[in-house]
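On a predicted model such as this, the values are computed, not experimentally measured, just so you know. Just so we're on the same page: letters track the sequence lines, and every chain starts at 1.
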Amino acid sequence: MYNYLEGLNEPQRVAVEHRDGPIMIIAGAGSGKTKVLTTRIAHLMKNGVDAFNILALTFTNKAAAEMKERVEKALGNSEARNLYIGTFHSIFARILRVEAPKLGYPSNFTIYDTDDAKGVIKDIVKQMNLDDKHYKPAYILNRISAAKNGLIGPAAYRVDSAIQMEDAKSQRHRMADIYDAYTNQCFKNGAMDFDDLLFKMHTLLTTFSDVLAKYQQRFHYVLIDEYQDTNAAQYSIIKLLGAVRENICVVGDDAQSIYSFRGATVQNILQFQDDYDDVKVVKLEQNYRSSQNIINVANNVIGNNQHQIPKELWTSNKEGEKIMLARTMTDNDEGKFVADAIKEMQMRNHYANKDFAILYRTNAQSRAFEESLRRMNIPYKLYGGVSFYQRKEVKDYLAYLRLVVNTRDEENLKRIINVPARGIGNTTVLKYISAANEHQRTVWEIIENGSGNPKVDGFVQMIKGFQSMLESKNAYDVAFAIGKYSGLVAELYNDKTVEGLARYENVQELLNSIKEFTETPDEEGEILDKSLGSYLQQISLQTDVENNKGKEEDIDVVKLMTIHSAKGLEFPCVFVVGLEETLFPSSMSLYDRAGLEEERRLFYVAITRAKERLWVTYANSRYRFGTLVNNDESRFVQEIPLAYLDRTFTGASNRPQNGPAKGVSGMLNQNFDKVPSLKKLADKLATSTASQKVHTPSADFTADDAGDMSIGMKVEHQKFGFGTILTLEGGANNRIAGIDFGEGHGVKKIMLNYAKLKIVK
DNA sequence: GAGCGATTAATTTTT
DNA sequence: TTAATCGCTC
């Protein structure tokens, strides 16, 4: 063990050693915030505080995991296992799992993700005979979510004049009814959505004083990470939990508040000093991460915001490189430019792939970068986007698991009662739903003791069979049985198409993760619980399965992610892309100062991710809904002082489009314009042959030149196998061949420009 | 009740 | 451009 107090600067040390009473740590970007938090926890424990009495709340699983690990390291023993460190959602879910019966929920309540919640809303809107074009599920969910995060339940919603006015203005008079129905349906289903985990936690603490007392007793010290991102519900819960001892430590940076769309209010951090007497305030302003140039630019940019806690970030790091600004013609050029730059940096400065991150405003922007990186054979990883758990086949499987654990849940029942197809149609299901509504029962209660339909009865018996395993078998055994006897796995196994194979693999992956869960020893102090219910609860709060897998720092890949998900991370080289008006700042936030300032904070977060080199790029025009639109340079670009900018660094637009390649990157860049549609075409072909057998290409498969092909020739196609060219039509640039691939595929029209065909000699 | 082709709607950020 | 939904046919 080493002396953990060593290597702290003065304000850091003060923050660590402050013992009792409220403390607020204003931690600028890269100022060692996590270090302070973890050292503080270690310090408390070294000085007699039991790990069981410390609660630390974060926003992401990753942050929680990192904190736990670092405390452990600082302590040199495994006591850190007993800490309550986790996300707001996971810690509250854990508590609710114990206390839920008090609120009328089963302890095995289901946790709904956004898709599940939208599904429920959609049904409600339909049932109320409302127009779902006007009452869009996503909009409604946002509205309900905002209400819950503001601790406004359905009853309060109905009488809140500001809310009512807004709904009236947008012509959505039935919002309160929908909110009400949604709440009831979730309750009936024994399900909570993400926001409920906060809302119900609050309800629990305010309704049952004994429960409140219990947790106040348990948590002697409460620490909150990213306090600037807390919403009213979180704020209130923290206040309740810490009310007795007031040993509350909040860490945050108002300049990095970027989650107001999720109900976060910067006010929480701005007013912390008013909430408690004698608040100790510590400011961490020394940045250990970035070069001077980067820090200067960041300070300059954020200086354009009006409201902030006064502070100035500084660093003793070296001056570093200037910020490189590049403008390209299109979004695809932007992709090429970035891939080129990465390749060049690697050649010249020996950076590894993992030293680079590409940060964008919206997930939709990732496409161009993925394509160009793939073309250049630069390995990359996309963070965010469609998560593993949102894939259809995985969701179906999970729906089975969830239904078996909680049969109250109508959503999951509806989802899988006919998956795989067993002849139970929509009409049949609707019949049970209306019967359930009529008798104030759940659908399961209607059908569990005989439904009058042999197919449905068979289904019920099957689910009951699975249920009987819950007590005695672990999560994996139950899940395996479910996959086997429901026919789910068999159905996927028999689908030999490319997609079918991928789906089968995904399901195997899911089973692997369940197996891993059952085989990982529980942490000390926790109940040994390897049941299916325990597994489900754990994964419902995980956005990405890969996040838990091994040391991802070790994977040498370029990282692509939104700026939001990059918060808290750092990279030697960062590309902040898409700096265009209406994109960044987003058109959604251009109308008021608060929105614009949040976008600027987002830009600030992006800039401060960079340690050594920073690129800022944008495109004159980009595809949106399939049409090319022109955008102006973002106003944020102009907020970067010229003194720190290297504008001479030119992007793809200044290079001859198809002319002789310039330098290393140009050489690797040659065939860009032809290739991009290949994958799409392949995807299309794959879809159209979804039910047919897939051909395995010969080992020596190479695409031959289309110009050499003529009628009567035998060719091999990667998917359709061997065939004979029957017809040739179209001009030189658009030759289409009619090829007979024999039984199974028949005659296909193949565009020779795109398809890869090998001439069989 | 299932499968297919045609129409249309969508892009802000996420636990 | 793409994904999802709608509506038609078997």
Side-chain angles (χ1 to χ4, degrees), chain A residues 57-64 86-93 111-115 117-118 122 132-133 136-139 141-142 145 148-149 192-198 226 229-231 233-234 257-264 331-332 359-368 371 383-387 389-390 392 418-429 455 539-544 547 561-567 578 582-590 595 598-599 601-603 605-606 622-629 676-677 679-680 683-684 687-688 690-691:
Chain A
L57 297 170
T58 67
F59 276 85
T60 66
N61 295 305
K62 202 190 232 165
T87 63
F88 283 92
H89 292 84
S90 70
I91 296 280
F92 294 170
I111 297 174
Y112 279 166
D113 66 20
T114 312
D115 285 341
K118 278 189 215 159
K122 216 170 164 182
D132 65 353
K133 299 269 156 58
K136 286 183 197 146
Y139 174 89
L141 182 61
N142 268 331
S145 168
K148 282 186 194 165
N149 287 327
M192 296 194 199
D193 64 19
F194 287 146
D195 304 310
D196 281 331
L197 296 176
L198 310 180
E226 309 277 16
D229 287 333
T230 52
N231 58 37
Q234 289 160 328
S257 156
I258 54 173
Y259 280 103
S260 75
F261 68 96
R262 252 169 57 189
D331 47 355
N332 286 325
L359 309 182
Y360 35 77
R361 178 70 244 268
T362 68
N363 276 309
Q365 286 166 258
S366 69
R367 205 207 84 256
E371 254 168 30
Y383 288 77
V386 179
S387 116
Y389 296 111
Q390 287 176 328
K392 247 183 233 107
N418 201 30
V419 177
R422 48 175 74 87
I424 305 172
N426 226 334
T427 338
T428 315
V429 177
K455 289 169 184 163
I539 61 147
S540 349
L541 296 169
Q542 246 156 42
T543 11
D544 202 345
N547 278 349
M561 63 185 90
T562 63
I563 301 168
H564 280 89
S565 43
K567 191 163 75 149
T582 73
L583 182 61
F584 192 13
S586 156
S587 54
M588 312 291 282
S589 53
L590 283 176
E598 176 147 328
E599 294 285 307
R601 291 194 292 270
L602 198 53
F603 188 43
V605 168
R622 69 174 61 239
Y623 278 95
R624 221 178 187 187
F625 307 140
T627 47
L628 209 57
V629 291
S677 33
K679 191 195 167 290
K680 281 173 228 154
D683 286 349
K684 236 179 216 158
T687 324
S688 64
S691 59

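Using C1' as the reference atom, dT11(B) and dC6(C) are 22 Å apart when rounded to the nearest Å. Taking atom P on both nucleotides, dT13(B) is separated from dA4(C) by 15 Å, rounded to a whole Å.
For the pair Asp132(A) CG and dA10(B) P, the computed distance is 10 Å after rounding to whole Å. Between Arg361(A) atom CZ and dT11(B) atom P the separation is 14 Å, expressed in whole Å. Atom pair Asn61(A):CG and dT15(B):P shows a separation of 8 Å (rounding to whole Å applied). Between Leu590(A) atom CG and dT12(B) atom P the separation is 12 Å, expressed in whole Å. To the nearest angstrom, P of dT12(B) lies 19 Å from CG of Leu359(A). A straight line from CG of Asn149(A) to C1' of dT15(B) spans 10 Å, rounded to a whole angstrom. Separating the CZ atom of Phe584(A) from the C1' atom of dT12(B) is a distance of 11 Å, rounded to the nearest angstrom. In this entry the distance linking CG of Asn142(A) with C1' of dT13(B) reads 11 Å, nearest Å.
Using cut-offs of 30° and 60° for the angle between ring planes, the Phe261(A) and Tyr259(A) rings count as tilted.
How far CD of Glu598(A) is from CD1 of Ile258(A): 7.5 Å, rounded to the nearest 0.5 Å.
Considering only side-chain N and O atoms, Asn418(A) lies nowhere under 4.0 angstrom from the phosphate OP1 or OP2 of dG1(B). Phosphate contact (OP1/OP2 of dT5(C), side-chain N/O of Lys122(A), threshold under 4.0 Å): present. Note on Ser90(A): every side-chain N or O is 4.0 Å or more away from OP1 and OP2 of dT15(B). Under 4.0 angstrom from either OP1 or OP2 of dT15(B) there lies no side-chain N or O belonging to Ser145(A). At the phosphate of dG1(B), OP1 or OP2 sits under 4.0 Å from a side-chain N or O atom of Thr427(A). Listed pair Ser565(A) / dT14(B) meets the phosphate criterion, a side-chain N or O lying under 4.0 Å from OP1 or OP2.
Position along DNA chain B of the nearest nucleotide to Lys133(A) versus Phe194(A) favours Lys133(A) as the more 5'-ward residue. Sequence order on DNA chain B of the closest nucleotides to Lys136(A) and Asp195(A) puts Lys136(A) first from the 5' end.
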What's touching nucleotides 7-10 of chain C from the protein side, N or O pairs under 3.5 Å?
none

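The shortest side-chain heavy-atom distance between Arg624(A) and Thr582(A) falls under the 4.5 Å cut-off. Side-chain contact between Leu541(A) and Phe194(A): present, with at least one pair of heavy atoms (C-beta onward) separated by less than 4.5 Å. Looking only at side-chain heavy atoms (C-beta outward), His89(A) and Leu198(A) come within less than 4.5 Å of each other.
By the salt bridge (Lys or Arg N to Asp or Glu O under 4.0 Å) test, Arg361(A) is found to be paired with Glu599(A), residues two or more places apart in sequence or in another chain being considered.
The listed nucleotides are dT14(B), dT11(B), dT15(B); the one nearest the side chain of His564(A) is dT14(B). Among the nucleotides dG1(B), dT12(B), dT14(B), the one closest to the side chain of Thr428(A) is dG1(B). Nearest to the side chain of Ala364(A), among dA2(B), dT14(B), dT11(B), sits dT11(B). Which of dT15(B), dA9(B), dT12(B) sits closest to the side chain of His89(A) comes down to dT15(B).
With hydrogens and angles disregarded, no donor-acceptor distance shorter than 3.5 Å links the side chain of Asp132(A) to the backbone of Lys122(A). Side-chain N or O atoms of Asp193(A) include none that pairs as donor or acceptor with a backbone N or O of Ile111(A) at under 3.5 Å. Asp331(A) places no side-chain N or O within donor-acceptor distance of the main-chain N or O of Gln365(A), the cut-off being under 3.5 Å.
Using a 4.0 Å heavy-atom cutoff across all strands shown, Ser260(A) reaches no nucleic acid atom at all.
Where stacking is scored as ring centres under 5.5 Å apart with planes under 30°, Phe261(A) does not register as stacked on the base of dT12(B).
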